[in-house]
Number of protein chains: 2
Amino acid sequence: MARLPEYLRALHNLAETGHDTVSSEGLASAAGVNSAKLRKDLSHLGSYGTRGVGYDVALLIEQIEYVLGLTQRRAVALVGVGNLGHALAGYAGFATRGFRIAALFDADPSRVGERINGLVVHHIDDLTQIAAAESIAIGVIATPAPAAQSVADQLVAAGVTSILNFAPCVLSVPEGVDVRKVDLAIELQILSFHEHRKASLTSLPATGPAGGLTALPGGLSATGTEEAVGT
Amino acid sequence: MARLPEYLRALHNLAETGHDTVSSEGLASAAGVNSAKLRKDLSHLGSYGTRGVGYDVALLIEQIEYVLGLTQRRAVALVGVGNLGHALAGYAGFATRGFRIAALFDADPSRVGERINGLVVHHIDDLTQIAAAESIAIGVIATPAPAAQSVADQLVAAGVTSILNFAPCVLSVPEGVDVRKVDLAIELQILSFHEHRKASLTSLPATGPAGGLTALPGGLSATGTEEAVGT
DNA sequence: CGCGATTTGTGCACGACTTCACAAGCGCCT
DNA sequence: AGGCGCTTGTGAAGTCGTGCACAAATCGCG
């Protein structure tokens, strides 16, 4: 499940706060999900919770990290050292959560050789060689959209089988290669949609029958993230 | 729906390529979704497609932008000018997709006054005043996790009703405030899970009955993003 | 040793979403 | 003017995820 990393983060927080065990209710609220859902998720990994007590925090962390394949620190290749790539190269969250940026790449010769956060920027043509040497299986694309497909092809050719794509475009990759996409502008546009919806709801308390399509009164469901819940 | 922004991006691409109309099949493949799903989505906004021809690209762009509330350029406040916040402040994708970073904030006094991409960094305490002046309704949190909840409270107090949270923690906000979360490390961890799954599948072609929980052979479904599809 | 409080694990039903398949509608060509 | 091919819009079935509610299990205490 895509929720396991969220549980893992909450568990690490609990461990640092000195908790040895945690109930499904407690962990669920810390991770922002329903307690029943959490229990079902955890039961799917044959988890070891104790009835009447809860889950052993340390053991559960170990279990989830194993399932996520985080027992080994995974090497990641980052392609595109522009605005966003630069920030990702220095993002501390990767290092503290089981990943190691093993190499930086860019197609712009003027950027090759630049040092970022202790790493040298290589030319994209050296990708295959370095990826093999560092046994890199995960690639991050932080290039402009027009270059993304080409970079993806090169990553696949270099043996990368999982890609995190920040470029606003769809990638086509061979079967067996996993792609996850993060589009920062889209996240804002979804929020904008919510804003628009809220605005029309308040200004038009009762939508008259003559109202064409102000903002789809009861149509779109506005899913995608949890609705806010009061403290 | 959360897919509308994706359609919009694909439509803009098509418009620039000179297409006047597009079939549901064509737009669906450009957006990376099923054509039936796309038609159903578009029909929910009472869309104007012509049978036998397809959709008018320009008209559809107009429709979707209206529904998303992008007819006005929305002002966004960005809090936290660290590694990630710095990159977001300079990210061109926001400006080209309907948003304007209206103000930057940070709690560190030594950063206040710094100029980034033509914008001055303000102290977080000035948030309420500036947010009102610029009529800001959307806030972006790019601070470390411990500061995020406090920043969220201040954003809400300043009248912000939609928050994009990059900090790895859950936020509790009053009802009526929408929160979307983007955790970059989690995206990588999900890919790591896929890697782990693929690795155990190839090394263990047939899972013996004695195999405990290698990586949940048929358990977890690995959803969350589309599986790769061949070119 | 037994009982009660507490918490996990899960069967079941409901709802949302996805996908298929097809009827209805539109334009074009003859 | 009429028919044919193409495309939209949608009914219906299937699938998946979610949440409730409860039985099973464990610990602590008397």
Side-chain angles (χ1 to χ4, degrees), chain A residues 1-7 10-11 14 19-61 63-64 67 190 213 216 218-227 229, chain B residues 1-4 6-7 10-11 14 19-61 63-64 67 190 193 213 216 218-227 229:
Chain A
M1 289 286 187
R3 282 185 296 270
L4 286 181
E6 191 72 34
Y7 302 158
L11 283 166
L14 289 168
H19 295 72
D20 282 349
T21 64
V22 69
S23 70
S24 66
E25 199 87 29
L27 181 55
S29 75
V33 299
N34 186 295
S35 67
K37 196 193 306 189
L38 181 135
R39 285 199 299 275
K40 189 152 290 189
D41 286 347
L42 261 48
S43 76
H44 282 342
L45 18 138
S47 175
Y48 297 71
T50 317
R51 305 184 185 214
V53 177
Y55 297 92
D56 183 279
V57 172
L59 178 63
L60 199 51
I61 286 178
Q63 290 280 333
I64 294 182
V67 171
I190 294 172
L213 63 145
L216 305 102
L220 300 187
S221 58
T223 53
T225 310
E226 76 283 2
E227 180 70 12
V229 75
Chain B
M1 290 285 188
R3 283 186 296 269
L4 286 181
E6 192 72 33
Y7 302 158
L11 283 167
L14 288 169
H19 295 71
D20 283 349
T21 64
V22 68
S23 71
S24 66
E25 198 87 29
L27 181 55
S29 74
V33 300
N34 186 295
S35 67
K37 197 193 305 191
L38 181 135
R39 284 200 300 274
K40 188 149 287 189
D41 287 346
L42 261 47
S43 75
H44 282 340
L45 18 139
S47 175
Y48 297 73
T50 316
R51 305 184 185 214
V53 178
Y55 297 92
D56 183 279
V57 173
L59 178 63
L60 199 50
I61 286 178
Q63 289 281 333
I64 294 182
V67 171
I190 295 172
F193 165 67
L213 62 144
L216 305 103
L220 300 187
S221 58
T223 54
T225 310
E226 76 283 2
E227 179 70 10
V229 77

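Owing to the predicted nature of the structure, the values given are computational and were not obtained by experimental measurement. Naming: A, B, ... by sequence-line order, numbering from 1 per chain.
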For this session: State which residue, out of B/Val33, B/Leu60, B/Val57, fulfils the side chain to side chain contact (heavy atoms under 4.5 Å, CB included) condition with B/Leu27.
Result: B/Leu60

For this session: Could you give me the CA-CA distance, side-chain angles and deciding distance for B/Ile64 and B/Tyr7, then say whether side-chain contact (heavy atoms from CB on, under 4.5 Å) is met?
Result: CA-CA 8 Å; B/Ile64 294 182; B/Tyr7 302 158; 4.1 Å; yes

Problem set entry | Candidate pair B/Asp56 and B/Tyr48, rule side chain to side chain donor-acceptor pair (under 3.5 Å), full reasoning | CA-CA 8 Å; B/Asp56 183 279; B/Tyr48 297 73; over 6 Å; no

Problem set entry | Whether A/Ser23 side chain and A/Gly26 backbone form a donor-acceptor pair below 3.5 Å | yes

To the nearest Å, how far apart are [X] [atom1] and [N] [atom2]?
{"X": "A/Leu45", "N": "C/dT10", "atom1": "CG", "atom2": "P", "value": "12 Å"}
{"X": "A/Leu27", "N": "C/dG9", "atom1": "CG", "atom2": "C1'", "value": "15 Å"}
{"X": "A/Leu38", "N": "D/dG17", "atom1": "CG", "atom2": "C1'", "value": "15 Å"}
{"X": "B/Lys37", "N": "C/dC17", "atom1": "NZ", "atom2": "P", "value": "11 Å"}

Problem set entry | Distance, nearest 0.5 Å, that separates CD of A/Gln63 from CG of A/Leu42 | 9.0 Å

For this session: Please round to the nearest 0.5 Å and tell me the distance separating atom CG of B/Asp20 and atom CG of B/Leu59.
Result: 12.0 Å

Exercise. Counting just side-chain N and O atoms, does B/Asn34 come under 4.0 Å of either OP1 or OP2 of C/dC17?
Worked result: no

Problem set entry | Contact state string [nucleotides 5-14 of chain D, B base, S sugar-phosphate only, - no protein heavy atom under 4.0 Å] | -BBBBBBB--

